[in-house]
There are 2 protein chains.
Amino acid sequence: MRLVVARCQVDYAGRLTAHLPMATRVLMIKADGSVLVHSDGGSYKPLNWMSPPCALREGSTEDGRVEWTVTGKTDDTLRILIEEVLHDSSHDLGVDPGLQKDGVEKHLQELLAEHPATLADGLTLVRREFPTAIGPVDLMCRDAEGLSVAVEIKRRGEIDGVEQLTRYLELLNRDPLLTGRGAVRGIFAAQAIKPQARVLAEDRGITCAVVDYDALRGMDDDAEHRLF
Amino acid sequence: MRLVVARCQVDYAGRLTAHLPMATRVLMIKADGSVLVHSDGGSYKPLNWMSPPCALREGSTEDGRVEWTVTGKTDDTLRILIEEVLHDSSHDLGVDPGLQKDGVEKHLQELLAEHPATLADGLTLVRREFPTAIGPVDLMCRDAEGLSVAVEIKRRGEIDGVEQLTRYLELLNRDPLLTGRGAVRGIFAAQAIKPQARVLAEDRGITCAVVDYDALRGMDDDAEHRLF
DNA sequence: TAGTCCATATCGCAA
DNA sequence: TTGCGATGTGGACTA
């Protein structure tokens with residue numbers, strides 16, 4: 001890992017072209033050759049970068065200024081014209097042991113599988129990841145009247161999720177084993193549902209359910225076993 | 001901008017919980033208080049981070065080790081336990097003049113709005129960003145016969161774009177003002193269209209148009225004004 | 001390898 | 001501010 005602070009001008013040409021005027025920035029050069037150009041603001045996304053695999057070549061322009069050329073796998077190139085180097089240091093970091101995560105969509109599905117009644121009164125689980133020809137339905141349930149209910153779970157409820165559930169319902173409603181007592185209903189469950197997605201869902205007779213993740217976790221006796 | 005290289009352990013708790021075991025990493029602390037934890041690989045995304053606005057507090061644990069606590073706007077917290085500092089430097093970067101981009105979807109839409117006939121002979125523009133209940137249609141046009149044509153523009157033509165255009169067409173074809181002379185047609189325009197998207201589009205009677213960005217830019221008399 | 005879906009997404013624009 | 005779509009999306013998983 002090499003860290004450089006320099007007054008520089010950056011030009012990228014690849015899927016798009018982008019230009020950064022001359023200013024002081026941080027250049028991070030990773031062991032795999034990838035380069036990140038950061039300013040003193042924004043968020044974690046660099047102003048400009050080159051993803052690995054790529055190669056950095058240090059050269060100079062006709063008028064003797066330092067110029068880095070980073071070449072990517074395709075035609076991507078990142079040109080960094082350096083006017084003044086304010087800091088330059090290299091560090092051996094070794095291999096990173098990696099990140100452990102908890103609390104993504106899979107976990108939400110586990111919690112709802114344990115507590116399906118929070119989605120609709122009297123709802124009981126038939127099975128998780130119920131298989132269909134076009135992919136698994138997150139939860140297949142049965143309501144108080146014994147009718148089949150397909151549940152699609154998303155962390156954020158957007159229009160794509162409604163389309164997905166619609167495709168599932170279309171398929172499920174061709175199966176006489178499921179539709180014996182009546183058509184399969186759909187429930188679209190998410191921590192937040194966008195207005196457009198809600199309109200589309202309701203237009204298609206799909207019920208929307210906003211899920212309170214913290215409340216669900218509170219209901220789960222084993223919640224503490226998942227913490228680090 | 002402060003750059004620290006240190007052996008550290010990182011724990012994040014917010015929308016999810018995440019844990020990084022003790023290892024040597026780069027910590028980037030920006031002027032707005034945001035913190036990035038980078039390893040010597042991966043891509044531009046840090047292993048862990050805290051987005052602005054946030055506040056960093058340097059403290060120490062009961063056993064005297066250095067611990068940073070970064071607190072975000074909501075309940076987000078990032079705890080960095082530091083075992084050994086290998087490098088620590090601060091730099092004044094000033095305000096960045098910002099990034100200039102060229103070649104994104106918006107620009108493509110401008111060019112096609114100026115030259116709709118490249119999509120189909122005799123096509124003329126009615127208006128850009130034509131409003132519907134579920135969002136704006138990129139270009140609403142009229143063909144040589146006076147029939148309405150909805151154009152959806154994507155940089156990359158994938159299946160989502162076809163779904164989007166299908167929804168627009170469904171809605172537009174309920175409007176007697178547009179369908180007076182016949183049903184509204186759809187054109188799916190992109191720099192490259194994936195095979196699956198093409199199949200779906202043609203199955204729905206949507207015309208696919210592959211757009212040559214460079215050729216379009218060449219037709220545009222004012223193109224040079226957009227260059228740097 | 002190509003398709004699909006998630007993300008602590010981030011970012012920019014507009015209502 | 002919130003909603004919404006684009007992103008040089010990236011990354012993981014699957015068939």
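Side-chain atoms are counted along with the backbone in the values below, which use heavy atoms only and exclude waters and symmetry mates. Please read all numbers here as calculations on a predicted model, not as lab measurements.
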From the list [options], which nucleotide is the closest neighbour of the side chain of [X]?
X        : options               : value
B/Lys194 : C/dT10, C/dG3, D/dA6  : C/dG3
A/Met50  : D/dG8, D/dG10, C/dT10 : D/dG8
B/Glu152 : D/dG8, D/dA6, C/dT10  : D/dA6
A/Ser43  : D/dG10, C/dT10, D/dG8 : C/dT10
A/Trp49  : C/dC11, D/dA6, D/dG8  : D/dG8
A/Ser51  : D/dG10, C/dC5, C/dC11 : D/dG10

Open item on the list: Looking at A/Lys154, I'd like to know whether one of its side-chain N or O atoms comes within less than 4.0 Å of OP1 or OP2 on C/dC6.
Closed with: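 Yes, because at least one side-chain N or O of A/Lys154 sits under 4.0 Å from OP1 or OP2 of C/dC6.
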
Open item on the list: Looking at B/Lys101, I'd like to know whether one of its side-chain N or O atoms comes within less than 4.0 Å of OP1 or OP2 on D/dG8.
Closed with: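 It does, given that an N or O in the side chain of B/Lys101 lies less than 4.0 Å from OP1 or OP2 of D/dG8.
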
Side-chain donor-acceptor contact under 3.5 Å, [X] with [Y]:
X        : Y        : result
A/Arg25  : A/Ser39  : no
B/Gln164 : B/Lys154 : yes
B/Glu129 : B/Gln109 : yes
A/His19  : B/Lys101 : no

To the nearest Å, give me how far apart [atom1] ([X]) and [atom2] ([N]) are.
X        : N      : atom1 : atom2 : result
B/Gln191 : D/dG8  : CD    : P     : 12 Å
B/Asp96  : C/dC11 : CG    : P     : 13 Å
A/Asp11  : D/dG8  : CG    : C1'   : 15 Å
A/Gln109 : C/dC5  : CD    : P     : 14 Å
A/Ile193 : D/dC4  : CD1   : C1'   : 16 Å
B/Leu99  : C/dT10 : CG    : P     : 18 Å
A/Lys45  : D/dG11 : NZ    : P     : 12 Å
B/Glu129 : C/dG12 : CD    : P     : 18 Å

Task: Residue whose nearest DNA chain D nucleotide is more 5′ - A/Gly14 or B/Pro136 - done: B/Pro136

Task: Which residue lies more 5' along DNA chain D, comparing A/Leu16 with B/Gly42 via nearest heavy atoms - done: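 Per heavy-atom nearest nucleotide, the more 5' residue is A/Leu16.
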
TODO: Quick one: do B/Asp11 and B/Arg79 satisfy salt bridge (Lys or Arg N to Asp or Glu O under 4.0 Å)? Show the steps, please.
DONE: CA-CA 5 Å; B/Asp11 287 279; B/Arg79 276 186 344 114; 3.6 Å; yes

Open item on the list: When the P atoms of C/dT4 and D/dG8 are compared, how many Å lie between them, rounded to an integer?
Closed with: 22 Å

Open item on the list: Mind checking if B/Tyr44 touches a base, just sugar-phosphate, or nothing, with heavy atoms under 4.0 Å?
Closed with: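 Since only primed, P, OP1 and OP2 atoms lie under 4.0 Å of B/Tyr44, the category is sugar-phosphate.
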
